[in-house]
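The structure under discussion appears below in the form of structure tokens.
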Amino acid sequence: MAVGIFDSGLGGLTVLDAVTKRLPDVAFVYYGDNAHAPYGVRTADDIYALTTQGVQRLFDAGCDLVILACNTASAAALRRMQEHWVPRDKRVLGVFVPLIEALTERRWGDNSPPREVAVKHVALFATPATVASRAFQRELAFRAIGVDVEAQSCGGVVDAIEEGDLILAEALVRSHVDALKRKMPRPEAAILGCTHYPLMQDVFQDALGADVQVYSQANLVAESLADYLSRRPEMVGPGTEPAFLTTGDPRKVSDKATQFLRRRIAFAAA
Ligand code: DGL
């Protein structure tokens, strides 16, 4: 019983933590491509090549279902993977759709035409590759009309988190929020469109102000995965052992993961 969780590095641990709490009987195998993070400054072809390599490793570890707990990979590679690469008996799901369903107050799988929703001014914080893909706006347009999205590309934040330099990460978050506010002074909602960013959620909230509703993905993805597995229980693959795999230095990655999740995490070489 194993489900794979993929990220370019440490950010997907925010999703891993939430799905482990929501589905305690499922074994999760985590793959962090720390040797190649950040993905956010890479080309779409590069992100596709790295993501398929990581997902294949998770299939080999006994996972039939893999969650791309990485917006950059979801934005730049997922559609191409689903159309041309994912074998028939496997599934790869991204992290955008649960977030957009929450923002647009839709239930899972509601495919009715786009309609007006309560929030009109939305700030999107994401990596340069995710912002450039416009995947978030495309998915939103299928579900909502009249929503003004201002996207802020948050260069440097993922690198600082991967390096464990949270002082730099905080300074960068504050300057990206300032830049966003110059373009959209009064957002009603803010989307943390990168799974690394919940590690800085308090800073985003503080810089945005208490009246801005901040959406982050971890719990939303956990709920939609629970719903998916209740409908497709056979997609829990044959693997039984939870594991943490990294392409980086397992000792360094374990130390940072332990610091972020506040419990002992031991990575092995992927
Ligand atoms: N956690 C990844 C995301 O959600 C980080 C991307 C990166 O490596 O730049 O986008």
Side-chain angles (χ1 to χ4, degrees), residues 3-21 28-42 46-47 50-51 53-55 57-58 61 63 66-77 94-96 99 125-130 154-173 176 191-204 214 216-222 225 242-270:
V3 171
I5 305 287
F6 170 93
D7 185 39
S8 61
L10 298 166
L13 291 171
T14 58
V15 173
L16 177 93
D17 206 32
V19 294
T20 308
K21 284 183 184 133
F28 289 99
V29 181
Y30 187 87
Y31 179 102
D33 192 8
N34 302 74
H36 302 107
Y39 278 14
V41 289
R42 292 178 180 274
D46 208 5
I47 295 167
L50 292 169
T51 305
Q53 197 177 321
V55 171
R57 178 70 183 84
L58 288 167
C63 304
V66 173
I67 308 295
L68 294 188
C70 176
N71 291 270
T72 308
S74 302
V95 283
F96 273 173
L99 184 70
F125 296 96
T127 66
T130 300
C154 296
V157 177
V158 169
D159 310 60
I161 292 173
E162 288 286 320
E163 287 304 315
D165 189 344
L166 299 187
I167 294 173
L168 176 60
E170 171 164 355
L172 288 167
V173 166
H176 289 306
I191 304 287
L192 303 190
C194 168
T195 52
H196 281 69
Y197 299 170
L199 295 164
M200 306 303 295
Q201 182 149 348
D202 294 350
V203 180
F204 274 102
V214 175
S216 74
Q217 284 161 323
N219 291 332
L220 299 172
V221 171
L225 177 60
F244 290 87
L245 306 173
T246 178
T247 55
D249 174 344
R251 197 179 49 80
K252 280 193 195 151
V253 174
S254 302
D255 287 349
K256 284 183 203 145
T258 300
Q259 176 195 346
F260 286 139
L261 291 194
R262 298 194 180 95
R263 65 186 165 89
R264 183 74 204 139
I265 305 284
F267 273 85

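- Among pairs with a residue in residues 8-19, those fulfilling salt bridge (charged side-chain N to carboxylate O under 4.0 Å, His left out) read Asp17-Lys21, Asp17-Arg263, at least two apart in sequence or across chains.
- Residue Ile5 holds its CD1 atom at 8.5 Å from CG of Leu58, rounded to the nearest 0.5 Å.
- No side-chain N or O of Thr195 forms a donor-acceptor pair with one of Thr14 less than 3.5 Å apart.
- Aromatic pair Phe125/Tyr197: centroids not less than 6.0 angstrom apart.
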* Asked: Can you list the steps and then say if Gln259 with Leu166 is a side-chain contact (heavy atoms from CB on, under 4.5 Å)?
  -> CA-CA 11 Å; Gln259 176 195 346; Leu166 299 187; 4.2 Å; yes
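- With hydrogens and angles disregarded, no donor-acceptor distance shorter than 3.5 Å links the side chain of Ser216 to the backbone of Leu192.
- Among pairs with a residue in residues 28-39, those fulfilling side chain to side chain donor-acceptor pair (under 3.5 Å) read Asp33-His36, Asp33-Tyr39, Asp33-Thr247, Asn34-Glu162, Asn34-Thr246, at least two apart in sequence or across chains.
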* Asked: What's the verdict on side-chain contact (heavy atoms from CB on, under 4.5 Å) for Val41 and Val158, showing C-alpha distance, side-chain angles and the deciding distance?
  -> CA-CA 10 Å; Val41 289; Val158 169; over 6 Å; no
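- At least one donor-acceptor pair under 3.5 Å links the side chain of Ser74 to the backbone N or O of Cys70.
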* Run the numbers on Leu168 and Glu163 for side-chain contact (heavy atoms from CB on, under 4.5 Å), then give the verdict. => CA-CA 10 Å; Leu168 176 60; Glu163 287 304 315; over 6 Å; no
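- The environment of Arg262 atom CZ is sparse: at most 12 non-hydrogen atoms of other residues, nucleotides or ligands sit within 6.0 angstrom.
- Within the 4.5 Å cutoff, no side-chain heavy atoms of Val3 are placed close to those of Val66.
- Closest of all the heavy-atom pairs between Thr127 and Cys194 is CG2-SG, 4.0 Å.
- Not counting sequence neighbours, Arg57 has no partner by the salt bridge (charged side-chain N to carboxylate O under 4.0 Å, His left out) test.
- In this structure, the side chain of His176 engages the main chain of Gly155 through a donor-acceptor pair within 3.5 Å.
- Inter-residue side-chain proximity for Gln201 and Pro198 is flagged as met; some heavy-atom pair is nearer than 4.5 Å.
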* Worked verdict on Ile47 versus Thr72 for side-chain contact (heavy atoms from CB on, under 4.5 Å) -> CA-CA 8 Å; Ile47 295 167; Thr72 308; 3.8 Å; yes
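- Taking each heavy atom of Ala218 and Ala18 in turn, the nearest pair found is O-CB, 3.5 Å.
- When every heavy atom of Gly40 is checked against every heavy atom of Pro128, the shortest pair comes out as O-CB, 3.5 Å.
- Side chain of Thr258 to main chain of Ile265: a donor-acceptor pair is present (N/O by atom type, distance under 3.5 Å, no hydrogens or angles).
- Here the closest non-hydrogen pair linking Phe96 and Thr130 is CZ-CG2, 3.8 Å.
- In terms of modelled atom types and a separation under 3.5 Å, the side chain of Gln217 and the main chain of Val95 share a donor-acceptor contact.
- Within the 4.5 Å cutoff, the side chain of Val253 has no heavy atoms near those of the Phe244 side chain.
- In this structure, His196 NE2 and Asp159 CG are separated by 9.0 Å, a value rounded to the nearest 0.5 Å.
- Annotation: the span from Asn71 atom CG to Ile191 atom CD1 amounts to 10.0 Å, rounded to 0.5 Å.
- The two residues Ala37 and Ser8 come nearest to each other via the heavy atoms CB-O, 3.3 Å.
- Heavy atoms only, all atoms of each residue included: Phe6 and Gly54 are closest at CE1-CA, 3.9 Å.
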